[in-house]
There are 2 protein chains.
Amino acid sequence: MYKKRIDTTINVGLLGAGTIGRGVINLLRENALTIAQKAGTHIKLKTVLEKDPILVKELTDEGYIVTQEINDIIKDPEISIVVELIGRVEPARSFMAKAIENGKHVITANKDVIAVHGHELLEMAALKHADVMFEASVGGGIPIIRPLKQCLAGNNIQAVMGIVNGTTNYMLGRMIEENLDYDSALKESQEKGYAEKDPTADVGGMDAARKIAILASIAFNTRVALEDVFVEGIQTVALQDIKYAAELGYAVKLLAIAKYLPEHGIDVRVHPTFLPEDHPLANVKGVFNAVFITGDYVGDVMFYGQGAGRRATASAVCGDIIDVARNIVNAGSGRILCTCFDEKPICSHDIVETPFYTRMLVTDKPGVLAAIAAAFGNNGVSLRTVLQKSTIGAYAELVVITHKVCYKNLSQAIQSLKDLPAVAKICTAIRVEDNKFA
Amino acid sequence: MYKKRIDTTINVGLLGAGTIGRGVINLLRENALTIAQKAGTHIKLKTVLEKDPILVKELTDEGYIVTQEINDIIKDPEISIVVELIGRVEPARSFMAKAIENGKHVITANKDVIAVHGHELLEMAALKHADVMFEASVGGGIPIIRPLKQCLAGNNIQAVMGIVNGTTNYMLGRMIEENLDYDSALKESQEKGYAEKDPTADVGGMDAARKIAILASIAFNTRVALEDVFVEGIQTVALQDIKYAAELGYAVKLLAIAKYLPEHGIDVRVHPTFLPEDHPLANVKGVFNAVFITGDYVGDVMFYGQGAGRRATASAVCGDIIDVARNIVNAGSGRILCTCFDEKPICSHDIVETPFYTRMLVTDKPGVLAAIAAAFGNNGVSLRTVLQKSTIGAYAELVVITHKVCYKNLSQAIQSLKDLPAVAKICTAIRVEDNKFA
């Protein structure tokens with residue numbers, strides 16, 4: 001089946017020609033011939049919504065229609081596919097909603113909108129037999145949404161664990177590789193353009209929280225809202241913690257985790273995590289992302305690649321464009337929309353059980369260890385490892401790893417520890433993800 | 001969009017209820033409710049082609065129609081989807097062809113048929129607007145065919161590298177972990193059921209060759225035939241080689257590689273490979289598989305998981321079943337079939353350039369090294385590393401790593417070395433995959 005004669009054209013309207021938008025424009029142009037063969041139709045970018053005067057001139061020179069009026073795209077009967085790459089919630093959400101109302105298929109890379117309003121858009125699309133695709137909203141160029149919705153559809157998914165924020169993964173890596181403290185690692189990431197001037201969404205975990213809300217909704221066939229996600233950032237992770245982790249055979253990663261606990265519901269959270277160094281996710285370095293999925297039949301699978309960037313994200317967006325075009329050509333639009341047919345409860349974070357690593361400063365006197373052990377034990381927390389590390393001034397640094405304990409008990413134990421005169425400071429408490437722990 | 005009322009049923013006919021077949025039967029039954037919601041229709045296994053009397057009784061007891069007559073399935077107007085899990089080429093190929101002729105959609109896990117006859121089946125399916133899906137034919141449960149055909153469709157793929165044979169990956173791992181020689185590792189794999197009694201297809205590389213022929217055809221949009229693949233097995237890899245590799249910072253893996261060289265065509269091969277230990281594929285342990293893909297936009301992505309086994313393979317087959325069912329429900333069948341719209345040449349293996357590792361036994365006398373270096377140099381092979389290792393009897397073991405050299409020159413150099421009186425034996429020559437080499 002060699003080269004086909006292609007005599008139809010599907011027109012695309014693009015909202016926003018910033019970083020990712022430019023990637024999509026370039027890809028559609030550079031790879032136009034192979035894309036037409038794969039889609040069975042030419043795919044032509046017709047109109048771009050953009051107001052930045054430099055970009056407007058650039059795009060006009062390249063022969064695209066440029067507009068500042070959304071109706072020029074969503075009311076244009078020649079345009080079938082609207083690609084939203086404006087970012088943030090508004091006006092992106094309203095534009096997508098209007099596009100669907102007007103019978104357009106919609107593709108977006110917008111995790112902010114999909115995490116919060118995805119179900120609304122998908123429900124609107126169902127009424128119109130329109131496609132809504134958002135492969136680029138999680139994991140940049142990594143195929144992950146479509147594999148979950150299609151390839152793994154036979155499975156009951158048990159867990160999803162991901163490194164879905166490149167900035168923090170880069171920072172944590174640089175800390176251990178270059179002996180940097182948190183602030184230096186952040187500064188370096190900002191200088192390299194990996195972290196934004198206001199890095200809160202990345203380091204605070206909200207970026208990862210949006211992505212795991214999206215993945216968990218798909219994995220468990222139920223709506224997981226952003227506010228369902230328990231979130232802790234990496235701001236409290238110190239260089240010492242990463243060094244102790246390495247000593248104990250762990251890498252420290254900001255993980256986004258969603259597990260289905262049949263008796264309790266969905267456990268969904270983002271936090272720094274001690275991960276055994278032989279876990280496939282522990283070897284994900286630099287700004288790379290990876291998502292590790294466990295299903296009842298497939299077992300463990302992992303998807304790895306660039307989680308951000310112009311070209312990688314454009315790859316995901318264009319994969320969606322080609323798929324939507326194939327649906328148009330074959331009259332199969334709307335074949336996969338909302339898969340949240342279930343209503344599973346969300347599990348309270350208080351009852352989620354993990355082992356914990358805790359580092360604290362204590363006075364170096366006889367009886368102190370016994371008092372600390374008692375504070376843990378009285379709150380139902382049993383200890384697996386206790387290490388006395390370096391002496392810092394008048395204090396000894398104590399590193400503890402607990403057995404599996406529910407968060408509520410750990411919180412209470414930490415409160416009791418804080419009340420002990422011998423405990424000067426609880427420096428960090430970091431969850432451990434390790435199947436070897438009972 | 002909560003639970004839907006499902007009032008249609010799509011019937012499936014299954015050819016072969018062996019290992020994978022049983023996995024599919026179980027999965028379809030256990031996860032029936034969620035599958036119906038995802039597919040938008042009930043999916044019911046109606047009839048099974050099977051002659052093993054024990055299985056026939058089992059299946060009959062479970063309520064399935066069991067037959068030894070293929071027409072009972074492919075002529076049954078109630079059956080829309082035929083799942084082929086007989087294995088080998090015939091009668092599997094003919095059965096699938098007849099099923100398509102009779103308007104059935106076909107799903108298979110059969111790499112033997114797809115690698116050699118896939119294009120014929122896809123062309124027949126195109127005429128009938130039928131689906132032919134074969135996600136399970138490469139990488140077992142790992143989503144790889146669909147991500148390549150859909151998610152990465154915007155890319156020009158530059159390279160595909162995979163660990164696609166679990167048996168050999170397990171054996172190579174056990175050799176270094178447990179200090180086993182090749183024969184002991186093979187014996188252990190056979191005892192554990194990872195290797196067959198006749199292990200030739202696995203250790204000789206033909207299993208991997210079939211899989212890379214399939215992947216390369218999809219990746220490069222052109223037909224790559226099985227006989228286009230240059231194949232070397234792992235039989236010549238000795239424990240020493242793996243140890244020296246580790247010493248030099250490499251893991252030894254049986255890699256299936258396909259690269260597009262714009263000036264020469266498609267370079268496609270299977271052979272043991274020295275891979276830098278920080279490469280994501282180097283960390284793929286045990287019977288796990290992984291496929292590493294490089295595209296012009298997406299950069300590097302990797303897909304990792306179980307490449308074989310009843311449950312993992314059933315996951316892939318059922319993902320296909322659900323997808324085919326969605327196409328039937330949405331009248332979009334046949335939307336993605338053969339993507340070989342290009343006719344790219346296959347590059348002769350003689351001109352493929354890689355660095356080589358070579359281990360040889362030489363007499364331990366002055367002047368020998370100079371003679372060896374000359375034998376390489378006279379054939380245009382320049383050396384990057386020369387290590388004299390242990391003395392074995394009257395001989396010294398010499399380990400050499402070359403710069404990038406084309407296979408033809410390396411072969412000639414090895415011939416010249418064999419003619420040297422000082423060279424007692426060329427033990428192994430293994431390709432090195434390392435971007436650090438010029």
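Just so we're on the same page: letters track the sequence lines, and every chain starts at 1. Keep in mind that what you see is a predicted model, and the values were worked out from it rather than measured.
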Pairwise side-chain contact, Ile336(A) with Arg326(B), heavy-atom cut-off 4.5 Å (strictly under): yes

Backbone N/O of Ala153(B) and side chain of Lys38(A): donor-acceptor pair under 3.5 Å: yes

Segment of Asn155(A) engaging chain B (4.5 angstrom heavy-atom cut-off): both

Check ion pair Arg335(B)-Asp323(A) (N to O, under 4.0 angstrom): yes

Least distance between heavy atoms, Val298(B) atom then Ser315(A) atom: CB-OG, 3.4 Å

Asn289(A) portion near chain B, given a 4.5 angstrom heavy-atom threshold: neither

Segment of Leu27(B) engaging chain A (4.5 angstrom heavy-atom cut-off): both

Sub-4.5 Å side-chain heavy-atom contact between Cys151(B) and Pro147(A): yes

Most contacts with chain B, counted as non-hydrogen pairs under 4.5 angstrom, among Ile142(A), Val329(A), Asn327(A): Asn327(A)

Approximate separation, where rounding is to 0.5 Å, of Asn156(A) CG and Thr34(B) OG1: 4.5 Å

Heavy-atom neighbours of His42(A) NE2 exceed 12 at 6.0 Å: yes

Check: Tyr297(B) and Glu30(A) side chains under 4.5 Å, non-hydrogen atoms: yes

side-chain hydrogen bond (donor to acceptor under 3.5 Å, both in side chains) between Asp296(A) and Asn31(B), intermediate numbers included: CA-CA 10 Å; Asp296(A) 59 351; Asn31(B) 294 349; 3.3 Å; yes

Winner by heavy-atom pair count (cut-off under 4.5 Å) against chain B, out of Gly334(A), Ala290(A), Gly319(A): Gly319(A)

Asn283(A), part contacting chain B, at a heavy-atom distance under 4.5 Å: side chain

Contact check, side chains of Gln150(B) and Glu135(A), non-hydrogen atoms, under 4.5 Å: no

Interface moiety of Asp278(B) toward chain A, non-hydrogen atoms closer than 4.5 Å: neither

Audit row: Asp342(A), Lys3(B), side-chain contact (heavy atoms from CB on, under 4.5 Å) steps and yes/no: CA-CA 6 Å; Asp342(A) 233 342; Lys3(B) 205 155 282 185; 3.8 Å; yes

Expected output: side-chain Tyr304(B) to main-chain Phe303(A) donor-acceptor under 3.5 Å: no

Asn330(A) side, atom CG; Asn330(B) side, atom CG - distance, nearest 0.5 Å: 12.0 Å

